[in-house]
Undergrad: 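Have a look at the structure that comes next, please.
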Amino acid sequence: MPRTPTTRPYHHGDLRAALLENAERTLREKGAAALSLRELARATGVSHAAPGRHFKDKQALLDALALDGYERLDRALTAATAADPGAPLEQRMTALARAYLGFAIENPELLELMFARKHEPAGSDHLAAAVDRTLGSLTRLFTDAQERGEIVQGDPERITLVAAASLHGLAALIAGCALDADDAMTGLDEHVHLLLHGLKPRRT
């Protein structure tokens, strides 16, 4: 009787994607501390040495997860800003904020890892470049708004930092159960309005 194989076959190029998918599932269900290449191999149904072909160690695996997250977030933000480039700034900013917050709500553990790896000195150059591309969606939005005369002049990177902090603050409140996700999404238009126009009384 032929021996039943103990591992699942993968077409060329599929194994890395399968490993990342299972790693993200573990991250979501058990946290980053539970991740290990050996357990990942077991969960994926491959030999314990197989993940080493793609990730030299756990840190490389975490970087790969974070990189995948930034690439997905960048695609979401780019699609949001490209949907209606001629729309007023508040509408464009709300679309971008909705894309960011939607990603944060769906992937809180991954987003936490993304920010943690972003500040890791040993992080890869690919990860650093992905972070810059993702923040670039906001910076481009504000640079364009300055050229159109829609917002004040100034360092667009500083303006980006203020906006990013505001949006990530909402995400952190949701992750910490201090703010309901549905309430945050419902009130996002007003949040963006306050962000863009400030808190000073309006002159009639």
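Any value given below was found using the heavy atoms of this structure, including those in side chains, with hydrogens, waters and symmetry copies removed.
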Undergrad: Quick one: pull up CD1 in Ile151 and CD1 in Ile159 and give me the separation to the nearest 0.5 Å.
TA: 4.0 Å

Undergrad: Counting heavy atoms not belonging to Arg38, are there more than 12 under 6.0 Å from its CZ?
TA: no

Undergrad: Quick one: side chains of residues 107-116, donor-acceptor pairs under 3.5 Å with protein atoms, not counting sequence neighbours, listed by atom name and distance.
TA:
from	atom 1	to	atom 2	distance (Å)
Asn107	OD1	Arg72	NH2	3.4
Asn107	ND2	Phe103	O	3.0

Undergrad: Does the side chain of Leu89 come within less than 4.5 Å of Leu141's, by heavy atoms?
TA: yes

Undergrad: Between Asp189 and Arg98, is there a side-chain N and carboxylate O pair less than 4.0 Å apart?
TA: yes

Undergrad: Looking only at heavy atoms, which two atoms of Ala95 and Ala80 are closest? And how far apart?
TA: O-CB, 3.6 Å

Undergrad: If Ile, Leu, Val, Met, Phe, Trp and Tyr residues are connected whenever their side-chain heavy atoms lie under 4.5 Å apart, and connections chain through other members, are Leu194 and Val162 in the same group?
TA: no

Undergrad: Quick one, Arg117 with Leu65, criterion side chain to side chain contact (heavy atoms under 4.5 Å, CB included). Give me CA distance, side-chain angles, the key distance, then yes/no.
TA: CA-CA 9 Å; Arg117 297 308 297 172; Leu65 276 174; over 6 Å; no

Undergrad: Heavy-atom count check: over 12 atoms from other residues, nucleotides or ligands less than 6.0 Å from Glu71 CD?
TA: yes

Undergrad: Start with the C-alpha gap between Arg53 and Leu15, add the side-chain angles, then the distance that decides, and say whether side chain to side chain contact (heavy atoms under 4.5 Å, CB included) holds.
TA: CA-CA 10 Å; Arg53 302 173 201 159; Leu15 178 56; 4.2 Å; yes

Undergrad: Do Leu161 and Phe142 share a hydrophobic cluster, counting only Ile, Leu, Val, Met, Phe, Trp and Tyr and linking them when any side-chain heavy atoms are less than 4.5 Å apart?
TA: no

Undergrad: Nearest 0.5 angstrom please: Gln59 CD to Leu62 CG, how far?
TA: 5.5 Å

Undergrad: Would you say that more than 12 heavy atoms from the other residues, nucleotides or ligands in this model lie under 6.0 Å from the NE2 of His48, or not?
TA: no

Undergrad: In Å and rounded to the nearest 0.5 Å, what is the CG to OH distance from Leu73 to Tyr100?
TA: 6.5 Å

Undergrad: Nearest 0.5 Å please: distance from the CG atom of Asp74 over to the OG1 atom of Thr78.
TA: 4.0 Å

Undergrad: Roughly how far apart are Met93 CE and Thr81 OG1, rounded to 0.5 Å?
TA: 11.5 Å

Undergrad: Give a yes or no on whether the backbone of Leu196 and the side-chain of Glu90 come within a donor-acceptor separation of less than 3.5 Å.
TA: no

Undergrad: Kindly list each side-chain donor-acceptor pair under 3.5 angstrom involving residues 26-37, sequence neighbours excluded, with atom names and distances?
TA:
from	atom 1	to	atom 2	distance (Å)
Thr26	OG1	Asn22	O	3.2
Ser36	OG	Glu39	N	3.0

Undergrad: Where do Arg92 and Asp144 land on the side chain to side chain contact (heavy atoms under 4.5 Å, CB included) test, with the steps shown first?
TA: CA-CA 11 Å; Arg92 303 195 316 274; Asp144 180 60; 3.4 Å; yes

Undergrad: For the residue pair Leu67 and His126, what are the closest heavy atoms and their distance?
TA: CD1-O, 3.7 Å

Undergrad: Within this structure, what is the CG-OG1 distance for the pair Leu195 and Thr94, rounded to the nearest 0.5 Å?
TA: 9.5 Å

Undergrad: Check the pair Thr160, Thr139 against side-chain hydrogen bond (donor to acceptor under 3.5 Å, both in side chains), reporting the backbone distance first and the verdict last.
TA: CA-CA 6 Å; Thr160 297; Thr139 305; 3.1 Å; yes

Undergrad: Any idea which heavy atoms bring Asp180 and Asp182 closest together, and the distance?
TA: OD2-N, 3.0 Å

Undergrad: Between Leu188 and Leu170, does the side chain to side chain contact (heavy atoms under 4.5 Å, CB included) criterion hold? Intermediate values first, please.
TA: CA-CA 10 Å; Leu188 198 54; Leu170 282 179; 3.9 Å; yes

Undergrad: Provide the closest heavy-atom pair for Ala184 versus Ile174 in the form atom of the first, atom of the second, distance.
TA: CB-CD1, 3.7 Å

Undergrad: Considering all heavy atoms of both residues, which atom of Pro85 and which atom of Arg148 are nearest to each other, and what is their separation?
TA: O-NH2, 2.7 Å

Undergrad: Looking at Arg16 and Ala64, what are the two nearest heavy atoms and their distance?
TA: NH2-CB, 3.7 Å

